[in-house]
Chemist: 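Handing you this structure, nothing more for now.
Note that this is a predicted model, so its numbers are computed, not measured. Per chain, numbering begins at 1; letters A, B, ... match sequence-line order. We use all heavy atoms of the structure for the numbers below, so side chains are in, but hydrogens, waters and symmetry mates are not.
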Amino acid sequence: MKFIKYFLVGILFGIIMTKSEAISWFRIQEMFRFESFHMYGIIGTAVVLGVIIHQVMQRTGFLSISGEEPKWKIPGSAKYRYIIGGTIFGLGWAMTGACPGPMFTLLGHGIWSMLLVIASAIIGAFAYGTISSKLPH
Amino acid sequence: MIEFLSQPWHWAVSGAMIVFVMFLLLWFGGRFGVSTNLETMCTIAGAGKVSDFFKVDWKKRAWNLVFIAGAVVGGYIAITYLSSPEPVDIAQSTRDYMTTIGIDYPASISEGNGYVPAEVFETPWSVRNLILLVVGGFMVGFGTRYASGCTSGHAISGLSNLQISSLIAVIGFFIGGLLMAWLILPWIMSF
(Lines give C-alpha, C1' and ligand atoms only; values in the text may rest on other atoms or scores of the structure.)
Protein backbone atom coordinates (compact mmCIF):
# COMPACT_ATOMS: atom_id res chain seq x y z
CA MET A 1 0.00 0.00 0.00
CA LYS A 2 2.89 2.37 0.70
CA PHE A 3 3.69 2.35 -3.01
CA ILE A 4 0.38 3.86 -4.11
CA LYS A 5 1.46 7.38 -3.23
CA TYR A 6 4.53 7.01 -5.43
CA PHE A 7 2.39 5.74 -8.27
CA LEU A 8 0.06 8.75 -7.95
CA VAL A 9 2.95 11.22 -7.86
CA GLY A 10 4.38 9.42 -10.90
CA ILE A 11 1.09 9.98 -12.75
CA LEU A 12 1.24 13.65 -11.80
CA PHE A 13 4.83 13.79 -13.04
CA GLY A 14 3.86 12.21 -16.40
CA ILE A 15 1.10 14.80 -16.83
CA ILE A 16 3.46 17.66 -15.90
CA MET A 17 6.13 16.40 -18.30
CA THR A 18 3.58 16.25 -21.12
CA LYS A 19 1.90 19.59 -20.48
CA SER A 20 5.21 21.39 -19.83
CA GLU A 21 6.38 20.08 -23.26
CA ALA A 22 9.77 19.39 -21.63
CA ILE A 23 9.61 15.92 -23.19
CA SER A 24 9.34 17.29 -26.72
CA TRP A 25 12.36 16.40 -28.88
CA PHE A 26 11.84 19.76 -30.58
CA ARG A 27 11.87 21.67 -27.29
CA ILE A 28 15.25 20.11 -26.49
CA GLN A 29 16.67 21.12 -29.88
CA GLU A 30 15.21 24.61 -29.46
CA MET A 31 16.85 24.85 -26.03
CA PHE A 32 20.30 23.80 -27.27
CA ARG A 33 19.93 26.22 -30.20
CA PHE A 34 19.02 29.07 -27.76
CA GLU A 35 15.93 29.90 -29.80
CA SER A 36 13.36 29.99 -27.01
CA PHE A 37 13.22 30.76 -23.31
CA HIS A 38 10.70 27.97 -22.60
CA MET A 39 13.03 25.25 -21.24
CA TYR A 40 15.23 27.76 -19.41
CA GLY A 41 12.06 29.17 -17.85
CA ILE A 42 10.97 25.73 -16.60
CA ILE A 43 14.36 24.74 -15.20
CA GLY A 44 15.03 28.25 -13.85
CA THR A 45 11.68 28.44 -12.04
CA ALA A 46 12.18 24.94 -10.64
CA VAL A 47 15.69 25.73 -9.37
CA VAL A 48 14.75 29.08 -7.78
CA LEU A 49 11.69 27.62 -6.03
CA GLY A 50 13.67 24.47 -5.23
CA VAL A 51 16.43 26.45 -3.49
CA ILE A 52 13.81 28.24 -1.38
CA ILE A 53 12.07 25.00 -0.45
CA HIS A 54 15.36 23.27 0.40
CA GLN A 55 16.47 26.18 2.57
CA VAL A 56 13.16 26.33 4.41
CA MET A 57 13.05 22.55 4.95
CA GLN A 58 16.68 22.32 6.08
CA ARG A 59 16.43 25.29 8.47
CA THR A 60 13.17 24.18 10.05
CA GLY A 61 14.28 20.57 10.51
CA PHE A 62 11.64 19.19 8.14
CA LEU A 63 11.08 15.44 8.51
CA SER A 64 9.64 12.92 6.07
CA ILE A 65 6.37 11.14 6.86
CA SER A 66 8.30 8.31 8.50
CA GLY A 67 9.95 10.86 10.82
CA GLU A 68 13.39 10.75 9.21
CA GLU A 69 15.55 13.45 7.72
CA PRO A 70 14.94 13.57 3.96
CA LYS A 71 17.68 12.32 1.61
CA TRP A 72 19.33 15.61 0.66
CA LYS A 73 22.52 14.56 -1.08
CA ILE A 74 23.99 12.02 -3.43
CA PRO A 75 26.61 10.20 -1.38
CA GLY A 76 30.24 10.30 -2.48
CA SER A 77 32.47 12.95 -4.00
CA ALA A 78 34.51 12.91 -7.19
CA LYS A 79 36.41 15.09 -9.66
CA TYR A 80 35.86 13.89 -13.19
CA ARG A 81 32.70 11.84 -13.25
CA TYR A 82 30.31 14.78 -13.34
CA ILE A 83 31.87 16.54 -16.31
CA ILE A 84 32.64 13.40 -18.36
CA GLY A 85 29.42 11.55 -17.54
CA GLY A 86 27.44 14.75 -17.94
CA THR A 87 28.87 15.35 -21.40
CA ILE A 88 28.08 11.79 -22.52
CA PHE A 89 24.53 12.18 -21.21
CA GLY A 90 24.17 15.56 -22.98
CA LEU A 91 25.14 13.96 -26.30
CA GLY A 92 22.49 11.29 -25.85
CA TRP A 93 19.89 13.79 -24.62
CA ALA A 94 20.18 15.97 -27.73
CA MET A 95 20.14 12.85 -29.92
CA THR A 96 17.02 11.19 -28.53
CA GLY A 97 15.39 14.33 -27.13
CA ALA A 98 14.59 12.32 -24.03
CA CYS A 99 16.13 12.03 -20.59
CA PRO A 100 15.35 9.05 -18.32
CA GLY A 101 11.97 10.38 -17.09
CA PRO A 102 10.52 11.61 -20.39
CA MET A 103 11.41 8.39 -22.21
CA PHE A 104 8.90 6.59 -20.00
CA THR A 105 6.23 9.27 -20.32
CA LEU A 106 6.62 9.25 -24.12
CA LEU A 107 6.09 5.50 -24.00
CA GLY A 108 2.74 6.32 -22.40
CA HIS A 109 2.04 8.51 -25.44
CA GLY A 110 2.17 5.33 -27.51
CA ILE A 111 5.56 6.09 -29.08
CA TRP A 112 6.80 2.52 -29.19
CA SER A 113 10.22 3.39 -30.63
CA MET A 114 10.96 4.66 -27.11
CA LEU A 115 11.27 0.99 -26.10
CA LEU A 116 14.46 0.90 -28.18
CA VAL A 117 15.75 4.01 -26.40
CA ILE A 118 14.83 2.63 -22.97
CA ALA A 119 16.40 -0.77 -23.67
CA SER A 120 19.57 0.94 -24.93
CA ALA A 121 19.67 3.19 -21.87
CA ILE A 122 19.42 0.14 -19.57
CA ILE A 123 22.25 -1.52 -21.53
CA GLY A 124 24.21 1.74 -21.21
CA ALA A 125 23.73 1.71 -17.44
CA PHE A 126 24.81 -1.95 -17.40
CA ALA A 127 27.93 -1.13 -19.46
CA TYR A 128 28.84 1.65 -17.03
CA GLY A 129 28.37 -0.66 -14.05
CA THR A 130 30.63 -3.35 -15.48
CA ILE A 131 33.54 -1.01 -16.33
CA SER A 132 33.06 1.67 -13.66
CA SER A 133 36.06 0.51 -11.60
CA LYS A 134 38.35 1.21 -14.60
CA LEU A 135 37.00 4.70 -15.34
CA PRO A 136 38.34 7.96 -13.88
CA HIS A 137 36.03 9.35 -11.21
CA MET B 1 -11.63 22.20 -15.95
CA ILE B 2 -10.39 19.69 -18.54
CA GLU B 3 -10.31 22.47 -21.13
CA PHE B 4 -8.34 24.68 -18.76
CA LEU B 5 -5.76 21.96 -18.07
CA SER B 6 -5.53 21.04 -21.75
CA GLN B 7 -3.93 24.34 -22.76
CA PRO B 8 -0.14 24.28 -23.00
CA TRP B 9 1.16 25.21 -19.56
CA HIS B 10 3.18 28.35 -18.95
CA TRP B 11 6.82 27.53 -18.14
CA ALA B 12 6.50 29.05 -14.65
CA VAL B 13 3.54 26.75 -13.86
CA SER B 14 5.50 23.75 -15.13
CA GLY B 15 8.59 24.67 -13.12
CA ALA B 16 6.54 25.10 -9.94
CA MET B 17 4.78 21.77 -10.49
CA ILE B 18 8.11 19.96 -10.93
CA VAL B 19 9.24 21.39 -7.57
CA PHE B 20 5.99 20.17 -6.04
CA VAL B 21 6.83 16.63 -7.24
CA MET B 22 10.35 16.97 -5.83
CA PHE B 23 8.92 18.09 -2.50
CA LEU B 24 6.42 15.21 -2.34
CA LEU B 25 9.15 12.64 -3.03
CA LEU B 26 11.38 14.10 -0.29
CA TRP B 27 8.44 14.16 2.09
CA PHE B 28 7.70 10.50 1.33
CA GLY B 29 11.32 9.67 2.16
CA GLY B 30 12.48 9.29 -1.44
CA ARG B 31 14.41 11.58 -3.75
CA PHE B 32 13.66 13.15 -7.14
CA GLY B 33 16.10 11.36 -9.46
CA VAL B 34 14.85 9.14 -12.25
CA SER B 35 18.02 7.64 -13.75
CA THR B 36 18.69 5.42 -10.71
CA ASN B 37 15.90 3.28 -12.13
CA LEU B 38 18.06 2.25 -15.10
CA GLU B 39 20.58 0.78 -12.63
CA THR B 40 17.84 -0.88 -10.56
CA MET B 41 16.45 -2.55 -13.69
CA CYS B 42 19.90 -4.03 -14.36
CA THR B 43 19.99 -5.40 -10.80
CA ILE B 44 16.54 -6.98 -11.16
CA ALA B 45 17.61 -8.54 -14.49
CA GLY B 46 20.47 -10.26 -12.65
CA ALA B 47 23.40 -7.93 -13.41
CA GLY B 48 24.75 -8.62 -9.91
CA LYS B 49 26.10 -11.91 -11.27
CA VAL B 50 28.30 -10.00 -13.71
CA SER B 51 29.42 -7.05 -11.59
CA ASP B 52 29.38 -6.26 -7.89
CA PHE B 53 28.34 -2.74 -8.87
CA PHE B 54 24.79 -4.04 -9.23
CA LYS B 55 24.72 -6.00 -5.95
CA VAL B 56 22.33 -3.70 -4.16
CA ASP B 57 19.05 -4.29 -2.40
CA TRP B 58 16.71 -3.24 -5.19
CA LYS B 59 13.68 -3.45 -2.89
CA LYS B 60 14.86 -0.24 -1.24
CA ARG B 61 14.65 1.43 -4.62
CA ALA B 62 11.38 -0.15 -5.71
CA TRP B 63 9.42 3.03 -4.89
CA ASN B 64 11.26 4.79 -7.72
CA LEU B 65 10.22 2.09 -10.21
CA VAL B 66 6.62 2.54 -9.08
CA PHE B 67 7.05 6.30 -9.61
CA ILE B 68 8.28 5.78 -13.17
CA ALA B 69 5.44 3.33 -13.91
CA GLY B 70 3.13 6.15 -12.83
CA ALA B 71 4.93 8.47 -15.25
CA VAL B 72 4.01 6.12 -18.12
CA VAL B 73 0.35 6.16 -17.06
CA GLY B 74 0.51 9.95 -16.57
CA GLY B 75 1.80 10.31 -20.14
CA TYR B 76 -1.11 8.22 -21.41
CA ILE B 77 -3.66 10.23 -19.43
CA ALA B 78 -2.20 13.58 -20.51
CA ILE B 79 -2.03 12.74 -24.21
CA THR B 80 -5.45 11.03 -24.26
CA TYR B 81 -7.54 13.39 -22.12
CA LEU B 82 -5.53 16.61 -21.76
CA SER B 83 -4.09 16.96 -25.25
CA SER B 84 -3.48 20.50 -26.52
CA PRO B 85 -5.50 21.66 -29.58
CA GLU B 86 -2.30 22.77 -31.38
CA PRO B 87 1.16 21.20 -31.86
CA VAL B 88 3.89 22.32 -29.43
CA ASP B 89 4.61 26.00 -30.11
CA ILE B 90 8.24 25.64 -31.19
CA ALA B 91 10.15 28.79 -32.25
CA GLN B 92 9.83 29.53 -35.98
CA SER B 93 13.63 29.64 -36.33
CA THR B 94 13.86 26.09 -34.93
CA ARG B 95 11.14 24.89 -37.35
CA ASP B 96 12.98 26.48 -40.28
CA TYR B 97 16.24 24.89 -39.20
CA MET B 98 14.57 21.47 -38.82
CA THR B 99 13.42 21.68 -42.45
CA THR B 100 17.03 22.13 -43.55
CA ILE B 101 18.05 18.85 -41.83
CA GLY B 102 15.09 16.95 -43.28
CA ILE B 103 12.55 17.13 -40.46
CA ASP B 104 9.17 18.69 -41.22
CA TYR B 105 7.44 20.28 -38.27
CA PRO B 106 3.67 19.52 -38.10
CA ALA B 107 1.65 22.55 -39.29
CA SER B 108 -1.47 21.45 -37.41
CA ILE B 109 -2.47 18.88 -34.79
CA SER B 110 -3.80 16.56 -37.54
CA GLU B 111 -0.21 16.18 -38.79
CA GLY B 112 1.32 15.59 -35.34
CA ASN B 113 1.57 17.05 -31.85
CA GLY B 114 5.22 18.11 -32.03
CA TYR B 115 6.59 15.81 -29.35
CA VAL B 116 8.86 13.64 -31.48
CA PRO B 117 9.96 13.89 -35.15
CA ALA B 118 8.04 11.37 -37.26
CA GLU B 119 11.07 11.05 -39.57
CA VAL B 120 12.99 9.36 -36.75
CA PHE B 121 10.45 7.72 -34.45
CA GLU B 122 7.94 6.32 -36.93
CA THR B 123 10.57 4.49 -38.97
CA PRO B 124 13.00 3.30 -36.29
CA TRP B 125 14.46 0.44 -38.32
CA SER B 126 16.49 2.43 -40.85
CA VAL B 127 20.24 2.42 -40.13
CA ARG B 128 20.32 6.16 -39.44
CA ASN B 129 17.36 6.09 -37.07
CA LEU B 130 18.61 3.00 -35.26
CA ILE B 131 21.89 4.81 -34.62
CA LEU B 132 20.01 7.85 -33.29
CA LEU B 133 17.79 5.81 -30.96
CA VAL B 134 20.18 3.05 -29.85
CA VAL B 135 23.44 5.00 -29.61
CA GLY B 136 21.57 7.97 -28.14
CA GLY B 137 19.79 5.79 -25.58
CA PHE B 138 23.05 4.04 -24.69
CA MET B 139 24.77 7.38 -24.03
CA VAL B 140 21.85 8.53 -21.88
CA GLY B 141 22.11 5.38 -19.74
CA PHE B 142 25.91 5.29 -19.59
CA GLY B 143 26.26 9.04 -19.04
CA THR B 144 23.65 9.37 -16.31
CA ARG B 145 25.15 6.55 -14.28
CA TYR B 146 28.69 7.86 -14.80
CA ALA B 147 27.55 11.33 -13.71
CA SER B 148 25.32 9.71 -11.04
CA GLY B 149 22.27 11.69 -12.09
CA CYS B 150 20.27 13.17 -14.95
CA THR B 151 18.11 16.24 -15.44
CA SER B 152 15.93 15.47 -12.42
CA GLY B 153 18.71 14.41 -10.04
CA HIS B 154 21.28 17.08 -10.98
CA ALA B 155 19.58 19.99 -12.80
CA ILE B 156 16.59 20.11 -10.44
CA SER B 157 17.35 18.28 -7.15
CA GLY B 158 21.10 18.92 -7.08
CA LEU B 159 21.14 22.55 -8.19
CA SER B 160 18.33 23.46 -5.81
CA ASN B 161 20.28 21.78 -3.01
CA LEU B 162 23.27 23.99 -4.03
CA GLN B 163 25.54 21.04 -4.90
CA ILE B 164 28.63 22.11 -6.88
CA SER B 165 28.92 18.60 -8.33
CA SER B 166 25.48 19.02 -9.91
CA LEU B 167 26.48 22.35 -11.44
CA ILE B 168 29.49 20.63 -13.02
CA ALA B 169 27.24 17.84 -14.31
CA VAL B 170 24.80 20.37 -15.83
CA ILE B 171 27.72 22.13 -17.55
CA GLY B 172 28.59 18.70 -18.96
CA PHE B 173 24.97 18.20 -20.14
CA PHE B 174 25.31 21.43 -22.12
CA ILE B 175 28.74 20.64 -23.56
CA GLY B 176 27.36 17.34 -24.89
CA GLY B 177 24.01 18.78 -25.95
CA LEU B 178 25.53 21.72 -27.83
CA LEU B 179 28.02 19.47 -29.64
CA MET B 180 25.20 17.15 -30.67
CA ALA B 181 22.64 19.78 -31.65
CA TRP B 182 25.02 22.01 -33.61
CA LEU B 183 27.58 19.61 -35.11
CA ILE B 184 26.84 15.89 -34.88
CA LEU B 185 23.07 15.74 -35.35
CA PRO B 186 23.05 17.71 -38.65
CA TRP B 187 25.78 15.36 -39.90
CA ILE B 188 23.85 12.20 -38.90
CA MET B 189 20.66 13.63 -40.45
CA SER B 190 22.47 14.12 -43.77
CA PHE B 191 22.41 10.33 -44.30
Side-chain angles (χ1 to χ4, degrees), chain A residues 3 6-7 9-11 13-16 18-21 24-26 30 32 35-36 38 41-42 45-47 49-51 54 64 66 70-71 74 82-83 85-92 94-96 99-101 104-105 107-109 113 116-117 120-122 124-126 128-130 132, chain B residues 9 11-12 14-15 17-19 21 24 26 29 31 34-35 38-39 41-42 51 53 63 66-68 70-72 74-76 78-79 88 90-91 93-94 115-116 121 124 133-134 136-147 150-151 159-160 165 168-169 172-173 175-177 180-181:
Chain A
F3 286 127
Y6 290 108
F7 189 67
V9 182
I11 290 177
F13 181 63
I15 294 173
I16 295 168
T18 302
K19 297 312 295 179
S20 70
E21 301 167 347
S24 163
W25 186 92
F26 295 97
E30 186 190 55
F32 284 128
E35 290 175 328
S36 166
H38 189 86
I42 294 174
T45 307
V47 170
L49 290 176
V51 168
H54 269 97
S64 71
S66 57
K71 298 183 181 72
I74 305 169
Y82 301 110
I83 195 77
T87 302
I88 296 170
F89 165 63
L91 287 164
M95 223 168 163
T96 61
C99 33
F104 288 93
T105 296
L107 191 60
H109 285 207
S113 312
L116 274 172
V117 181
S120 307
I122 295 169
F126 175 71
Y128 168 73
T130 51
S132 66
Chain B
W9 293 3
W11 48 259
S14 304
M17 289 301 286
I18 291 170
V19 170
V21 167
L24 287 176
L26 283 168
R31 193 175 185 282
V34 176
S35 59
L38 299 171
E39 212 173 287
M41 288 173 188
C42 292
S51 167
F53 180 84
W63 64 269
V66 175
F67 172 75
I68 210 65
V72 177
Y76 173 79
I79 208 68
V88 176
I90 297 290
S93 51
T94 306
Y115 278 90
V116 294
F121 286 83
L133 300 174
V134 172
F138 184 91
M139 286 196 289
V140 167
F142 190 95
T144 56
R145 293 337 294 149
Y146 198 166
C150 59
T151 330
L159 286 186
S160 61
S165 53
I168 298 170
F173 298 172
I175 294 171
M180 181 56 66

Chemist: If you measure from CE on A:M95 to CE on B:M180, what distance do you get to the nearest 0.5 Å?
Modeler: 4.5 Å

Chemist: Got A:H54 and B:L26 here, is their nearest side-chain heavy-atom distance under 4.5 Å?
Modeler: yes

Chemist: So do the side chains of A:V117 and B:V140 get within less than 4.5 Å of each other, counting heavy atoms only?
Modeler: no

Chemist: Measure the shortest side-chain to side-chain distance between B:C42 and A:I122 over non-hydrogen atoms and say whether it is less than 4.5 angstrom.
Modeler: yes

Chemist: Below 6.0 angstrom between ring centroids: does that apply to A:H109 and B:Y115?
Modeler: yes

Chemist: Measure the shortest side-chain to side-chain distance between B:W11 and A:S20 over non-hydrogen atoms and say whether it is less than 4.5 angstrom.
Modeler: no

Chemist: Is it the backbone or the side chain of A:S132 that comes under 4.5 Å from a heavy atom of chain B, or both, or neither?
Modeler: side chain

Chemist: If you compare all heavy atoms of B:S165 against all heavy atoms of A:Y82, which two are closest, and at what distance to 0.1 Å?
Modeler: CB-CE1, 3.4 Å

Chemist: Heavy-atom pairs under 4.5 Å with chain B: which of A:P70, A:G101, A:G50 has the most?
Modeler: A:G50

Chemist: B:L133 and A:T96: which non-hydrogen atoms are nearest, and at how many Å?
Modeler: O-CG2, 4.1 Å

Chemist: Is there a donor-acceptor pair closer than 3.5 Å between any side-chain N or O of A:K19 and the backbone N or O of B:S14?
Modeler: no

Chemist: How about B:F53 and A:Y128: are their ring centres within less than 6.0 Å of each other?
Modeler: yes

Chemist: Working to the nearest 0.5 angstrom, can you tell me the gap between A:I42 CD1 and B:W9 CH2?
Modeler: 10.5 Å

Chemist: Would you say A:F126 and B:L38 make side-chain contact, with heavy atoms under 4.5 Å?
Modeler: no

Chemist: What pair of heavy atoms forms the shortest contact from A:E35 to B:A91, and how long is it?
Modeler: O-CB, 3.3 Å

Chemist: Find out whether A:P100 and B:T144 are in side-chain contact, i.e. whether some heavy atom of one side chain is under 4.5 Å from a heavy atom of the other.
Modeler: yes

Chemist: Can you give me the closest heavy-atom contact between B:V19 and A:A46, atom names plus distance?
Modeler: CG2-O, 3.0 Å

Chemist: Which distance, rounded to the nearest 0.5 Å, do you find between the CZ of B:F138 and the CD1 of A:I88?
Modeler: 9.0 Å

Chemist: Are any non-hydrogen side-chain atoms of A:T105 and B:V72 less than 4.5 angstrom apart?
Modeler: no

Chemist: Between B:E39 (side chain) and A:A125 (backbone), is there a donor-acceptor pair under 3.5 Å?
Modeler: no

Chemist: Check whether any side-chain heavy atom of B:I90 sits under 4.5 Å from a side-chain heavy atom of A:W25, and report yes or no.
Modeler: no

Chemist: Could you report the tightest heavy-atom contact between B:C150 and A:F89, atom names first, then the distance?
Modeler: CB-CZ, 4.1 Å

Chemist: Indicate, with yes or no, if the rings of B:F67 and A:F13 have centres closer together than 6.0 Å.
Modeler: yes

Chemist: Heavy-atom pairs under 4.5 Å with chain A are the metric here; pick the option from B:A169, B:A181, B:S35, B:P124 that has the most.
Modeler: B:A169

Chemist: Does B:F121 offer a backbone N or O that forms a donor-acceptor pair with the side chain of A:S113 under 3.5 Å?
Modeler: yes

Chemist: For a side chain to side chain contact (heavy atoms under 4.5 Å, CB included) check, start with the C-alpha distance between A:L107 and B:Y76, then their side-chain angles and the critical distance, and finish with the verdict.
Modeler: CA-CA 8 Å; A:L107 191 60; B:Y76 173 79; over 6 Å; no

Chemist: If you count heavy-atom pairs under 4.5 Å between each of B:L24, B:T151, B:L159 and chain A, which one has the most?
Modeler: B:T151

Chemist: Just so I understand: if I count every heavy-atom pair under 4.5 Å between each of B:I175, B:V88, B:V134, B:I168 and chain A, which residue has the most?
Modeler: B:V88

Chemist: Mind ranking A:I83, A:V47, A:I11, A:L49 by heavy-atom pairs under 4.5 Å with chain B and telling me who comes out on top?
Modeler: A:I11

Chemist: Among A:G129, A:A94, A:S36, A:C99, who wins on heavy-atom pairs under 4.5 Å with chain B?
Modeler: A:G129

Chemist: Return the minimal non-hydrogen interatomic distance between B:V116 and A:F26, and the atom names on each side.
Modeler: C-CE1, 3.7 Å

Chemist: Based on non-hydrogen pairs under 4.5 Å, which of A:T130, A:L116, A:T87 is most in contact with chain B?
Modeler: A:T87

Chemist: Is B:S51 close to chain A through its backbone or its side chain, or both, or neither, when contacts mean heavy atoms under 4.5 Å?
Modeler: side chain

